[in-house]
2 protein chains.
Amino acid sequence: MDKIYTIKDIAELAGVSKGTVDRVLHKRGKVSEDALKKVNEVLDRIDYQPNLMARSLKKTQIYSICVLIPDSANDPYWQPCIDGINDAKKEFKSFNVKVEIFLFDPTSTASFVETNQNVLNSSPDAVLLVPLFHKEALDAIETYNSKGIISSIFNNQLKSSAIKSFVGQDLFQSGRIAARLLDLLIKKGTIAIVHIDEDYENAIHMQEKEKGFRDYFENLETGKFEIKTFKVKHPQFKTTLKEYLESNPAIEGLFVTTSKAYQVAKIIAKNPEKKIALVGYDLLENNLEYLNNKTIDFLIHQNPKRQAYLGTTSLIEHFIFEKEISPEKLLPIDIVNTENAKDYFL
Amino acid sequence: MDKIYTIKDIAELAGVSKGTVDRVLHKRGKVSEDALKKVNEVLDRIDYQPNLMARSLKKTQIYSICVLIPDSANDPYWQPCIDGINDAKKEFKSFNVKVEIFLFDPTSTASFVETNQNVLNSSPDAVLLVPLFHKEALDAIETYNSKGIISSIFNNQLKSSAIKSFVGQDLFQSGRIAARLLDLLIKKGTIAIVHIDEDYENAIHMQEKEKGFRDYFENLETGKFEIKTFKVKHPQFKTTLKEYLESNPAIEGLFVTTSKAYQVAKIIAKNPEKKIALVGYDLLENNLEYLNNKTIDFLIHQNPKRQAYLGTTSLIEHFIFEKEISPEKLLPIDIVNTENAKDYFL
DNA sequence: ATTTTTATTGTGTTCGAGCACATTTTAACA
DNA sequence: TGTTAAAATGTGCTCGAACACAATAAAAAT
C-alpha cells in the first residue's frame, strides 16, 4: 500500500537524523557524501510527499500577490475579474497568502504606470496583471523581474522572457469560431469585420481575431463569401456605421471584434426588415439584451472571471504547494446564444 | 486590521485557558455559565477562523470517499469522469482523504447492485454515484443514509431527501439549446428527435431533453417547423433509421438525444446530396470525426469530467474544510462546433 | 469539619516540517 | 600529539488545534 512517509520515517530508514534528511531535501548542503547517498537511496525507493499542512503551519511567512486590472467603472468587461479573484482569495483564505487588487484606468497610460508603481512599493512576491499598454507593461514586468518579483499576465498576450505565465484564449481560433458561426448563419454573401476601437490599445486582440476569421474563409470553397473590414473610432461611430451599411447593402453578416456588439445591434435593430447576422464578444448586460431579442445571434465568451481566477490560483499554488506555473493556459472559447447565456454566471 | 486570532488569543482575551475555549467552540459542555459568557463575548467581538492546517495536521482520521461510475469499457462517455476524479484526488492528496473509484457495468442492474454492496463493505464516509438505475439507486442511497454515509449523485438527476447533492446539467434547457441551434441551421422544415435507447435506463434524460426541445418550438411562430419523435433500439437501428428517413423525405434536421449521434451520422453521410442538419451530444472520438467533416453540425458538451470533479471536490471540501455541500450544481451547457472542439480537452 | 463526589478549569502532549542551536566527528595545523 | 577550526550530524523547540489527563474548585454527603 502507498503508506504516507514522514521525514522521521525517512530518517529512520536511512539511519540518520531528521535534521540531515531535511538538509538533503532542501539542498542546504553540510551533508557528507555518505549520508547523502543513504538518504537519496531511501528517497528513490519511496514516494515522499511532504505534509503541506505541517509545512504551512510552520511557515509564518505570508506571501503577497498583487493583481492589476482595469477599473470596471470604465468598462464592465472587467467586473467578473474581481469575482474570480475573490473566489481564489476565499478558497485559499486559510493559507499564508494575501491577495490585493489594484485598479487602474484603462483609458490612461499614466494610471497604469502609477498603479504599477504603487504595486512595486508594496513589494509583493508576485504580480498578476492585464498588460493593456504594450510598452509600459513590458517596462513594469522588467522592473518586477529585476527585483525578483514573479509576473504573470492574463487576457492580453505579451511576449517576454520575464513573464512566468499567460492565461487567456487563442484569439486566432476565436476568430475562426466567429467565422464558422457566420458561415452557418448566412450561407453566402458579404460579411464585414467591425473593429470598434476604444481609446486604449487592444489592437493586437482585434488583429488576431481578424486573421483567424479570414483564415477560415480562405480555406473554404471560394466565391461564396466576401469579407470586408471596417474600422471606426467611438465618437463618430453611430453615423459612420449607418452610412457604411447603407452604402454596402450587400452586407448580410457582421463580426464585431470587441465587446461593443450592442452598439452595432442598436443600429441594425432599427431596420428589422433586413436581418443582418451579428456575432460579437462578451456577456455584458447590454449585449445580452440584444442577444435575447435575437439581434445578436451569438456571443463568444472570453470568460474573464475564470481567466482572473486561474491566473491568481496558479500563483497561490506556486507559493504554497510549490506547483509549477504553466507558461500558457488557453481557456475554451465558449459559444453563447439565447439559451445557454445564463449558465455562464455561476 | 483583520488580525488572525488563535485559540490562545481568545483564551487570553477571555481570561480563561485554551482548554475552556476549546470546549466552548466544540460545545463539549463542562463549562460554567460565567466562563461561557466570557468566551462568547470575545467570540462575538472578533472573527475567529480556525487554522485548518493545524486542525487537519492534528486529526489523524482519514476520510474515505467512494465514487461509483459506469465502466468506460462499455461506454466511452464515462472515460473523462475518471480523469476528473483523479484531478480531484491529486489536488487534495496532502489531505486526510482517500478517494476510491468503483466501476460497474452500465448494462447490468445486477452489477450496479453488487458494486454498491462492495462500496458498503468498505464503509466509507461518503459516496458519489451515477444513479443509472432508478429504483436500485434509491435503495442504495437509502441504505447509505441509514448507516450515516453521505450520498451525492451526478450526471443523472434523482429526487430523494437522502441525497446531499446533485451535479449535472439542466436537461430541459439543454433540449432548448439544441432546438435553437436547429432553428438556425434550417430556417424551417421538419425535424425529428431521435432517441437511441441503450439497454440501460436513461429514459428520463431523453424525456427532459425532448420536453425542452419541443418547448422551444411551441413558443415560436407557428407553421415553420414540424417536430417528430423517433425511438429506436440499438440492434435494428441502422435499417430502421434508414427506412424512417426514406419514408420521411421532408426531414431536414435531426436531434439525437444521446451520445450516439455518430451512428446517425454514419447513415446520413452516405447521402451527401441531401444535407440533413444534425445536433447531438458529447465529445466522443466517433462524434468528433463526424463533427470535423461537418456531418454533425453541433455537439452539446455535458462535461462529464467537470461533473465528476465537482462532485468529488465538494465532498472532500465538506470533510476537510467543513464546507457546506450545495444541493444542486448546474453546469453550463457548452455548444461545440468544429472550431472549438479541441478546447474542451484540458 | 472532613471526606467524597462532581463540576469546572488548566496543562501538556501530539501531529510533521522547518529551522536554530547544540553536539559530535573529522580535518587541518602547530 | 594536542589544539583549533571546520564540517557534519543530532536535538529540541515552534506553529495552532485537539484532546487526554491532571489539577483545582465547588457542591454534596458523612
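Just so it is clear, the model here is predicted, and its values are computed rather than measured. Just so we're on the same page: letters track the sequence lines, and every chain starts at 1. Heavy-atom basis, side chains included; hydrogens, waters and symmetry copies ignored.
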Please find out if less than 6.0 Å separates the ring center of F95(B) from that of F321(B). yes
Where do S165(A) and I325(A) come nearest, in terms of heavy atoms and distance? CB-CG2, 3.3 Å
Aromatic centroids of Y48(B) and Y5(B) separated by under 6.0 Å: no
Note the angle between the end axes of the helix from dA1(C)-dT30(D) to dA30(C)-dT1(D), five pairs defining each, rounded to 10 degrees. 70°
Strictly distance-based, threshold 3.5 Å: is any side-chain N or O of S326(A) a donor or acceptor partner for the main-chain N or O of K329(A)? no
Which residues pass the side chain to side chain donor-acceptor pair (under 3.5 Å) test with E322(B), not counting sequence neighbours? R55(B)
Outermost nucleotides of DNA chain C that come under 4.0 Å of a non-hydrogen atom of chain B: dT8(C) to dG16(C)
Listed in order of residue number, which residues of residues 45-55 of chain A have a non-hydrogen atom at under 4.0 Å from DNA chain C? Y48(A), P50(A), N51(A), A54(A), R55(A)
Scanning both residues in full, the closest heavy-atom pair of K18(A) with I7(A) reads CB-CG2, 3.6 Å
Listed by chain and number, what are the side chain to side chain donor-acceptor pair (under 3.5 Å) partners of E100(A), not counting sequence neighbours? none
Could you pull out all donor-acceptor pairs under 3.5 Å where a side-chain atom in residues 38-46 of chain B meets a protein atom, sequence neighbours excluded?
from   : atom 1 : to     : atom 2 : distance (Å)
N40(B) : ND2    : L36(B) : O      : 3.4

Between D334(A) (side chain) and H301(A) (backbone), is there a donor-acceptor pair under 3.5 Å? no
Report the residues that fulfil side-chain contact (heavy atoms from CB on, under 4.5 Å) with S123(B), sequence neighbours left out, ordered by chain and then residue number. none
Could you tell me the boundaries of the chain B footprint on DNA chain D, defined by atoms under 4.0 Å from its heavy atoms? dG16(D) to dC19(D)
Among all residues two or more places apart in sequence or in another chain, which pass the salt bridge (charged side-chain N to carboxylate O under 4.0 Å, His left out) test with K323(B)? E317(B)
Would Y309(A) and F154(A) satisfy ring pair (Phe, Tyr, Trp, His ring centres under 6.0 Å), going step by step from the backbone distance to the final call? CA-CA 10 Å; Y309(A) 172 81; F154(A) 76 98; over 10 Å; no
Using modelled atom types only, decide if a donor and an acceptor are shared between the side chain of T312(A) and the backbone of A308(A) within a distance under 3.5 Å. yes
When you measure from the side chain of S111(A) to the backbone of D105(A), do you find a donor-acceptor pair of N or O atoms at a distance under 3.5 Å? yes
Sub-4.0 Å heavy-atom contacts from residues 20-34 of chain A onto DNA chain C, ordered by number: D22(A), H26(A), R28(A)
Contact list for residues 142-151 of chain A, test side chain to side chain donor-acceptor pair (under 3.5 Å), sequence neighbours left out: N116(A)-Y144(A)
Closest heavy-atom pair, P131(B) versus N156(B), reported as atoms and distance to 0.1 Å, is CG-O, 3.3 Å
So Q307(B) and Q169(B), side-chain hydrogen bond (donor to acceptor under 3.5 Å, both in side chains) or not? Walk me through it. CA-CA 9 Å; Q307(B) 287 189 29; Q169(B) 286 184 331; 4.9 Å; no
Neighbours of DNA chain D within residues 7-19 of chain A, by heavy-atom distance under 4.0 Å: V16(A), S17(A), K18(A), G19(A)
